[in-house]
Amino acid sequence: MTTIEGLDPELRERWARQFSAVGASQCGFCTPGIIMRLAALAGSDAALRSASGERASALRRAGHEGALDGRIRSALRAHLCRCTGWQTIVEAATDLLGGATGEEKDHKGSARRIRSTDPLLSAWRAQLEGGHIQSNGPSIALGGGGFADDTAPRDALVALVGRDGGVVVGENLVEARRLSGKIQGRNSSRPLAYPLEVPTGEWALTLRTTWVEPAYLELDASWCRPGRTPASPLANGGAFGGKRRSPVPGLARRLADETGRAVRVLWSREDVVRKGPKRPPVAIGVRADGTGVIRVARTPGSPSLSSLHDSIVSVAGGFVVEEVDVAGPPVDPGLRCAGWAEAAVVEACLRLQENREARVGVPVEITGLDGGRARVAIVEDGSVAVEVWAGEPLDEVVLRSYCIGAVHQALGWVRSEGVAVDETGQPCDLTIRSFGVLSALDTPRVEVTIHPSDHWPLNGSDAVFVATAAAAWWADGLPPQWPTLRGRT
Ligand code: FES
């Protein structure tokens, strides 16, 4: 097996620069593996090999770009990227295999891409969109985001969650795994559950949602020396709000103090599914006059949901918010646009319904909580047209990348994502593959138009996320439950 460190250094740099040039890497956790896949594809696929350089340009002019795009997306089926929404990765690959550079080539329908020459401005835009300190650049695409477990001392003890839910500590990973006795759980064939009922009433529109994972790729990890500050599980990104209350740093500090040694704490995917926060399921009923009720699921051990009330009422002033206790995994109001997104989507679709708008090509406009604005339409061919107003762009490549990522996440949320939970509240789908995150092949083309201004920079991708959710639900015919297209309800 060859990892990114074993790739020819010149080739490695070329891929890294290309990924950075088009915004194909955000947190950078997935990209080393993806670069290896694409480099191997370029080396093994005769058609791609012959399609490099001049010939690829000629093929593209002759209309073969779609075939190249399809082969790249197909190869990406082995991977998951939660941040970028695939498109920029495909663009990086087609550019590089075609001999163009990201700086030279402009993609059909996209705003002219302007790479900031100032890494601080790029990082500022990334931080605005990702909600946490974040940098980008070629080194990030090579996995240099500073992930906690990459920085841990080699002789650190390793702490894992054991079979009984307690913590086991071993001299190394192999010993800790043996002591834990745990085998990673699989996914289930159990139907998705909708823990809340819409209250009885004369509703013009209703919506129920299920348990949804933030599905960040980098699992919760931390390490700590005795008496020191633990490594943050948030390395180069905000994990969509999912790690803000992660207990792993506190546990690393406690175990380090108890053992007098550096300790690494690692959660498996199953641990993240069972212990990590989910988006709170909701049940909404709205009347034609815009008044209504939004019920929000509250589970034992979850933080207060009081912050949801203000944000929901700020976008849907006619809604009464009811918290309802249910059995289930933890929920967190800090997950991306939780609560207000659902309220804003129902409000926006109510207006479309009143005006009897067509199902496709109709733009939905949403203003985010901090003033960023987006207009999104699902086009007849299934592609997604995005316009965004986010003040001064700072770095259009980065802003565009986050907007495309937001579209990908919103489409998955509305159409395919969910985690089955049993009657006792235990999650049953325990692998990331079972969450329904859209693959590269299933993700439509996104065209982003950035409307620059010299106003103070604002988050734009959250408004894109919510507007895309509304546009997709509208285009799908407003089924009363999400996900709308998954084969199990
Ligand atoms: Fe792919 Fe973050 S850049 S998971």
So, are [X] and [Y] salt-bridged, with charged N and O less than 4.0 Å apart?
X      : Y      : value
Asp8   : Arg12  : no
Arg279 : Glu342 : yes
Arg125 : Asp395 : no
Arg400 : Glu91  : yes
Arg208 : Glu197 : yes

If you compare all heavy atoms of [X] against all heavy atoms of [Y], which two are closest, and at what distance to 0.1 Å?
X      : Y      : answer
Ala344 : Val466 : CB-CG1, 3.9 Å
Pro479 : Leu207 : O-CD1, 4.5 Å
Ala256 : Arg225 : CB-C, 3.7 Å
Gly368 : Ala463 : N-CB, 3.9 Å
Ser135 : Ile140 : O-CG1, 3.6 Å
Ala406 : Arg336 : CB-NH2, 3.6 Å

For Cys30, check side chain to side chain contact (heavy atoms under 4.5 Å, CB included) against everything at least two apart and list the hits.
->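 For Cys30, the residues satisfying side chain to side chain contact (heavy atoms under 4.5 Å, CB included) (neighbours in sequence not counted) are Ile34, Cys81, Leu217.
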Residues in side chain to side chain contact (heavy atoms under 4.5 Å, CB included) with Arg415, at least two apart?
->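 Only Leu411, Ala472, Ala475, Asp476, Thr484, Leu485 meet the side chain to side chain contact (heavy atoms under 4.5 Å, CB included) criterion with Arg415.
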Counting N and O atoms only, with roles assigned by atom type, does the side chain of [X] sit under 3.5 Å from a partner on the main chain of [Y], one being a donor and the other an acceptor?
X      : Y      : answer
Gln184 : Leu430 : yes
Thr468 : Val464 : yes
Thr299 : Pro329 : yes
Thr88  : Gly23  : yes
Ser222 : Ala231 : yes
Asn236 : Gln26  : yes
His408 : Leu438 : yes
Thr209 : Val282 : yes
Asn459 : Ser461 : yes
Ser302 : Val331 : yes

Would you say that [X] contacts [Y] through its side chain, given a criterion of any heavy-atom pair below 4.5 Å between the two side chains?
X      : Y      : result
Val161 : Lys275 : yes
Leu142 : Ile4   : yes
Ile183 : Arg163 : no
Glu129 : Val398 : no
Val273 : Glu213 : yes
Leu335 : Val212 : no
Cys224 : Thr229 : no
Trp482 : Thr210 : no

Listed partners of [X] passing side-chain hydrogen bond (donor to acceptor under 3.5 Å, both in side chains), at least two apart:
X      : value
Ser306 : Ser304
Thr431 : Ser434
Ser383 : Asp381
His309 : Glu323

Taking ring-ring contact (aromatic ring centres under 6.0 Å, His included) as the test, write out the residues that go with Phe465, two or more places apart.
->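 Only Trp413 meet the ring-ring contact (aromatic ring centres under 6.0 Å, His included) criterion with Phe465.
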With rounding to the nearest 0.5 Å, note down the distance linking [atom1] in [X] to [atom2] in [Y].
X      : Y      : atom1 : atom2 : result
Met36  : Thr31  : CE    : OG1   : 12.5 Å
Ile89  : Leu76  : CD1   : CG    : 6.5 Å
Asp429 : Glu270 : CG    : CD    : 11.5 Å
Gln127 : Leu120 : CD    : CG    : 10.5 Å
Trp211 : Tyr194 : CH2   : OH    : 12.5 Å
Ile404 : Cys83  : CD1   : SG    : 13.0 Å

With sequence neighbours left out, which residue pairs that include part of residues 168-183 fulfil the side-chain hydrogen bond (donor to acceptor under 3.5 Å, both in side chains) condition?
->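 Found Glu171-Arg261, Lys182-Asp271.
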Derivation and outcome, side chain to side chain contact (heavy atoms under 4.5 Å, CB included), residues Leu441 and Trp86 = CA-CA 9 Å; Leu441 274 175; Trp86 300 114; over 6 Å; no
Residues Val376, Val384; criterion side chain to side chain contact (heavy atoms under 4.5 Å, CB included); working and verdict | CA-CA 7 Å; Val376 175; Val384 183; 3.6 Å; yes
Residues two or more places apart in sequence or in another chain: which of them pass salt bridge (Lys or Arg N to Asp or Glu O under 4.0 Å) with Asp220?
->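 Applying salt bridge (Lys or Arg N to Asp or Glu O under 4.0 Å) to Asp220 gives none.
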Qualifying residues under salt bridge (Lys or Arg N to Asp or Glu O under 4.0 Å), relative to Glu10, sequence neighbours excluded |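 With sequence neighbours excluded, Glu10 shows a salt bridge (Lys or Arg N to Asp or Glu O under 4.0 Å) to no residue whatsoever.
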Which residue pairs pass the ring-ring contact (aromatic ring centres under 6.0 Å, His included) test with at least one member in residues 223-276, sequence neighbours excluded?
->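 Every pair satisfying ring-ring contact (aromatic ring centres under 6.0 Å, His included) with a residue in residues 223-276: there are none.
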Can you check side-chain hydrogen bond (donor to acceptor under 3.5 Å, both in side chains) on Glu5 and Thr3, steps first, answer last?
-> CA-CA 5 Å; Glu5 290 78 12; Thr3 63; 2.8 Å; yes
Would you mind listing every salt bridge (charged side-chain N to carboxylate O under 4.0 Å, His left out) that reaches into residues 228-247, with sequence neighbours excluded?
->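 Salt bridge (charged side-chain N to carboxylate O under 4.0 Å, His left out) check on residues 228-247 returns Glu218-Lys243, Arg244-Asp332, Arg245-Asp332.
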Go through Asn187 and Arg433 one step at a time and tell me if the side chain to side chain contact (heavy atoms under 4.5 Å, CB included) criterion holds.
-> CA-CA 8 Å; Asn187 56 322; Arg433 286 281 178 195; over 6 Å; no
